[in-house]
Amino acid sequence: MPKETTTKRGKTDGKVKQKRAKKDPNAPKRGLSAYMFFANEQRENVREENPGISFGQVGKILGERWKALNDKQRVPYETKAATDKKRYEQEKAIYQADSD
DNA sequence: AAAGTGATTGTTTTG
DNA sequence: CAAAACAATCACTTT
């Protein structure tokens with residue numbers, strides 16, 4: 001099993017995986033994640049409820065809110081994430097086709 | 001086949 | 001413009 005759960009995902013060391021260069025020809029960047037969609041809506045809300053806070057704060061608060069919701073509440077976000085994933089599926093397919 | 005690894009995604013705010 | 005905290009992901013890779 002890789003690292004326990006969250007916190008410093010990828011990377012076996014601790015080096016922040018700061019956007020690596022693409023190793024593939026077309027590099028079909030995967031799809032977005034539920035958090036991306038959730039943040040898209042909460043970002044406005046969080047910032048409004050926390051006027052005058054720093055970047056790290058809003059970021060953290062956003063994360064707390066995320067899980068603060070019930071799995072059912074994040075459903076719409078997961079749904080979008082799944083939909084976005086499909087988008088990637090297309091790229092991937094093309095990427096494979098082109099690669100070949 | 002199973003396990004793991006890496007790469008990626010988007011937001012916020014500030015200098 | 002880029003960077004960190006925040007979370008998910010999950011397709012591809014390797015054994």
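So that the names make sense, note that chain A is the first sequence line, chain B the second, and so on, each numbered from 1. These values consider heavy atoms only, across backbone and side chains, with no hydrogens, waters or symmetry-generated copies.
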What distance separates A/Leu62 CG from A/Gln57 CD, expressed to the nearest 0.5 Å?
12.0 Å

For the pair made of NZ in A/Lys60 and C1' in C/dA5, what is the distance, rounded to whole Å?
7 Å

Of B/dT12, C/dC12, C/dA8, the nucleotide closest to the side chain of A/Gln96 is C/dC12

Nearest-nucleotide 5' precedence on DNA chain C, A/Leu32 against A/Leu62
A/Leu62

Would you mind reading off the distance between A/Gln42 atom CD and B/dG10 atom C1', rounded to a whole angstrom?
14 Å

Quick one: pull up NZ in A/Lys80 and OG in A/Ser33 and give me the separation to the nearest 0.5 Å.
12.0 Å

In Å and rounded to the nearest 0.5 Å, what is the CD to CD distance from A/Gln42 to A/Glu49?
8.0 Å

A/Lys92 has a side chain; which of B/dT12, C/dC12, C/dA7 sits nearest to it?
C/dC12

Please pick, from C/dA7, B/dT11, C/dA11, the nucleotide with the shortest atom-to-atom distance to any side-chain atom of A/Tyr88.
C/dA11

Look at all strands and tell whether A/Arg74 reaches a base, only sugar-phosphate, or nothing, counting heavy atoms closer than 4.0 Å.
sugar-phosphate

Looking only at the side chain of A/Met36 (C-beta and beyond, no hydrogens), which of the listed nucleotides C/dA8, C/dA11, B/dT9 gets closest?
B/dT9

Just checking, any donor-acceptor pair under 3.5 angstrom between side chains of A/Glu48 and A/Asn45?
no

I need the CG-P distance between A/Asp71 and C/dA8, as an integer number of Å.
10 Å

Rounded distance in Å - CD (A/Glu64) to P (C/dA7):
8 Å

Rounded to the Å, how far apart are A/Trp66 CH2 and B/dG10 P?
16 Å

Under 4.0 Å: is that the gap between some side-chain N or O of A/Lys29 and OP1 or OP2 of B/dA7?
no

Distance in angstrom units between A/Tyr35 OH and C/dA7 P, rounded
6 Å

Tell me what A/Phe37 touches on the nucleic acid: a base, only sugar-phosphate, or nothing, going by heavy atoms under 4.0 Å.
nothing

When the distance from CD of A/Glu91 to C1' of B/dT9 is rounded to whole Å, what number comes out?
11 Å

Just checking A/Tyr77 against A/Phe38, ring centres under 6.0 Å apart?
yes

Roughly how many Å is it from CD in A/Glu44 to P in B/dG10, rounded to a whole number?
17 Å

